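Report on one structure; see the data block that follows.
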Amino acid sequence: MKPTYEQLEARNRQLEDLLKKALDRITVLEERLNQDSNNSSKPPSTDWKKNSKKAGKKQRPPREGMARSLVPLEQVDAHTVCQLDACPHCGSGKICSGGDPLVIQQVELPDTKGFLTQYDLCNYRCHDCDTKAIAPLPLGVPKSAFGPRLMALVANLTGVFHLSKDDAKRLISDLYSIDISDGSVINIEERVASALDPVYRRIHRFVTESSFFKHFDETPWRDSGITHYVWVASTKLATCYRIDRRRNTEAFLTIAGRLNKLAPVVTDRYGVYGCLENPRQFCIPHLIRNFRHFAQRDGPDGAIGSKIEKELQYLSHTHKLFRAGKIPQATCSQRIRRCRERVDGLFMDALAEASQDLGALCEKLLLDDFDNLWTFQRYADAEPSNNLAERDLRRIVLWRKKSYGTRSDRGKLFAQTITSVAETLRRSGKNIFDFLVESVRSLYAGNDAPLIRPQNGF
C-alpha cells in the first residue's frame, strides 16, 4: 500500500529534524576539534605544533655573548705565564717583548669527590646512676649518611631542575663518586621538605595576608594515578603552591587562607573564585580567547565576537602602553572609558542578535560581572591579566610532564614545598642551593629556619 501524502510529509519533517540535529552536532564537534590555546582555555602545551615553513621563516638575530671582565689577580687560583723560546715563523732565537701580554682567564671545575667524614660517638656509663649515654653529633650535623650540602644538591636536582631520581643519582655518582639509592633520595626529599616547612608556611601567610595584588589559578596534577590539582597563589614577591585532591571551593579556600579582604585579586572566570569578597579582576586574555572562539563562526556570532575580541585587545594594548610610560594616565583612562562604552553596546547587541551560548556569556558578563572587567583601573599596580599565576604554574606543569606527578603524600608535600620556596627565591634573586643548605643545617641545629626577605617577614 502506497503511503499517503500526509505520511510522506510527516516522514519528510522527521528527516529534516534529524538532518538539522546532525548538522548542529557536526558544527559543535568541528568547533571542539579546532579549539586550541588561541581560542579557548586550553594550555599551549596541548596544541599540535605544525611544521615550520622554511620559506619566509623569521630570521632570528645572533645571540649576543657576554663580555667577561677580568677577575683581580688576588682572586686567581693559578697563574701561568706562556712564553716563546724562538720565533714561530722563522725559528730565530732573537726575540724580545712586544708589549703587554694577552690575558685569558679560564674557569674550570676542580677534580673532586665526595668528602667523607667519620663521627665516632663515644659511649659512657655514669658511676652515680649507672646509666649509659652516647656523645651527640655536632650541632647542624644530620644523623644521616649524607650531609647538608649533599641533601641540598639532591633536592635541587630533583625538585628544582626536575631530574628523575635515576638521573640525579647518576650525575652525583659521575661528579663526586657518591652512590645513593632510590630510597635515600626519597628520604632526603622528605628531610628537606621538613626543613623548608616553616619557610613554606611563612610564604603562604605572606601571600594571603599581605596587601599585594594576588593572582590565583589551578592546573591538573597526578598522584598515584589519580587526578589532583595544583593551586597557586602569586604576588610579585612570593608564590605559594598547594596540591589538593579537589578542584572545589573548599580546596581553594584552603590555599586562600586568611585572605586580606582589601587586597584585589586576579582570576579567570571559574565559578569557585566567586566566593571571594575581594575586589576581583577577570583575566582579559582569557576573555579574548573566549570571544575569538565565537569570532571564528559565521553570521552574527562571528561579527559580534570579532568586534568584542578587538575591543578587549585594544584594552590590553592601551594598558600596556601606559605601563611602559608611552601614554599619560589621562589618555589611558579616556581610551578605556570609551572602550568600556563600546563593549557595553556590543554585549547588548549579542543579547539581541547572537546565538544562545554567546548571548548567555554576554548576559552574565553584562549583568553580573561587568565591573570585574575594569577593576584594574582603580589600583596602581594592577594588571588586567593573570599571566603571573600562569607563568608560575608553568614550572610545575613541566615537572608533571616529565614525571607524571607523584606517588605518595610525601611526594606531594615535597613538590609543593620545594617549588614554592624555589620560585620565591627566584623572585628575590637569591641562591637556591645556598638557602637549602642553610635550611637543612638550621633544622639539625635546632635553629629557626632562615628568612628569604626579612623586611617582609618571610
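In what follows, every heavy atom counts, from backbone to side chain, and hydrogens, waters and symmetry copies are set aside. Every value quoted in this text rests on a predicted model; they were computed, and no experiment measured them.
No hydrogens or angles considered: nothing links the side chains of Gln377 and Ser333 as a donor-acceptor pair under 3.5 Å. Residues Gln83 and Asp85 have side chains that never bring a donor and an acceptor to within less than 3.5 angstrom of each other. Between the side chains of Thr267 and Arg280, at least one donor N or O sits under 3.5 Å from an acceptor N or O. Glu309 and Tyr314 form no side-chain donor-acceptor contact under 3.5 Å, judged by distance and modelled atom types alone. In summary, the side chains of Asp167 and Ser164 do present a donor paired with an acceptor at a separation below 3.5 Å, with no hydrogens or angles considered. Residues Ser211 and Asn260 have side chains that never bring a donor and an acceptor to within less than 3.5 angstrom of each other. Checking Arg222 against Thr227 by side-chain atom types alone, a donor-acceptor pair falls below 3.5 Å. No donor-acceptor contact under 3.5 angstrom links the side chains of Ser442 and Ser439, judged on distance only. Counting only N and O atoms by type, the side chains of Thr406 and Trp221 include a donor and acceptor under 3.5 Å apart.
Under the 4.0 Å criterion applied to side-chain N and carboxylate O atoms, Glu423 and Arg426 are assigned as salt-bridge partners. Between Arg170 and Asp166 no salt bridge is recorded (no basic side-chain N to carboxylate O distance below 4.0 Å). Glu383 and Lys320 are not joined by a salt bridge, as no carboxylate oxygen comes within less than 4.0 angstrom of a charged side-chain nitrogen. A salt bridge is defined here as a Lys NZ or Arg NE, NH1 or NH2 lying under 4.0 Å from an Asp or Glu carboxylate O, and Asp369 with Arg269 fails to meet this definition. Under a 4.0 Å N-O distance rule, the pair Asp392/Arg427 qualifies as a salt bridge. With respect to the salt-bridge test (charged N to carboxylate O, under 4.0 angstrom), the residues Asp371 and Arg340 qualify.
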After noting the C-alpha distance and the side-chain angles of Val232 and Thr219, does the key distance pass the side-chain contact (heavy atoms from CB on, under 4.5 Å) rule? CA-CA 9 Å; Val232 64; Thr219 191; over 6 Å; no
Would Arg191 and Phe414 count as a side-chain contact (heavy atoms from CB on, under 4.5 Å) here? Give the steps. CA-CA 9 Å; Arg191 296 187 182 194; Phe414 175 70; over 6 Å; no
Test side-chain contact (heavy atoms from CB on, under 4.5 Å) applied to Leu276 and Leu259, step by step: CA-CA 9 Å; Leu276 292 173; Leu259 193 62; 3.5 Å; yes
Would Ser355 and Arg297 satisfy side chain to side chain donor-acceptor pair (under 3.5 Å), going step by step from the backbone distance to the final call? CA-CA 11 Å; Ser355 63; Arg297 293 181 177 178; 3.2 Å; yes
Steps toward side-chain contact (heavy atoms from CB on, under 4.5 Å) verdict (Ile186, Arg410): CA-CA 8 Å; Ile186 295 172; Arg410 295 195 303 178; 3.0 Å; yes
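Glu218 places no side-chain N or O within 3.5 Å of a backbone atom of Val230 that could act as its donor or acceptor partner. Between the side chain of His228 and the backbone N or O of Ile226, at least one donor-acceptor pair lies under 3.5 Å. The main-chain N or O of Val207 is never found under 3.5 Å from a side-chain atom of Thr235 such that the two would form a donor-acceptor pair. Between the side chain of His162 and the backbone N or O of Lys402, no donor-acceptor pair lies under 3.5 Å. In this structure, the side chain of Asp120 does not engage the main chain of Cys122 through any donor-acceptor pair within 3.5 Å.
Around atom CG of Asn431, more than 12 heavy atoms belonging to other residues, nucleotides or ligands sit under 6.0 Å away. Around atom CD of Gln106, no more than 12 heavy atoms belonging to other residues, nucleotides or ligands sit under 6.0 Å away. Counting non-hydrogen atoms of neighbouring residues, nucleotides and ligands closer than 6.0 angstrom, the NZ atom of Lys307 reaches no more than 12 such neighbours. Around the CG atom of Asp368, the shell of radius 6.0 Å holds more than 12 heavy atoms that belong to other residues, nucleotides or ligands. Other residues, nucleotides and ligands contribute only 12 or fewer heavy atoms inside 6.0 Å of the CZ atom of Arg201. Within a 6.0 Å radius of NZ in Lys261, more than 12 heavy atoms belonging to other residues, nucleotides or ligands are found.
A pairwise comparison of heavy atoms in Val266 and Asn386 identifies O-OD1, 3.4 Å as the closest pair.
Arg205 forms no cation-pi arrangement with Tyr200, by the criterion of a distance under 6.0 Å to the ring centre and an angle within 45° of the ring axis.
Ring to ring, Phe115 and Tyr176 are not that close: their centroids are 6.0 angstrom or more apart.
Lys113 is not listed as a side-chain neighbour of Ile178, based on a closest heavy-atom distance of 4.5 Å or more. Glu390 has its side chain out of reach of Arg394: every pair of non-hydrogen atoms, C-beta onward, lies at least 4.5 Å apart.
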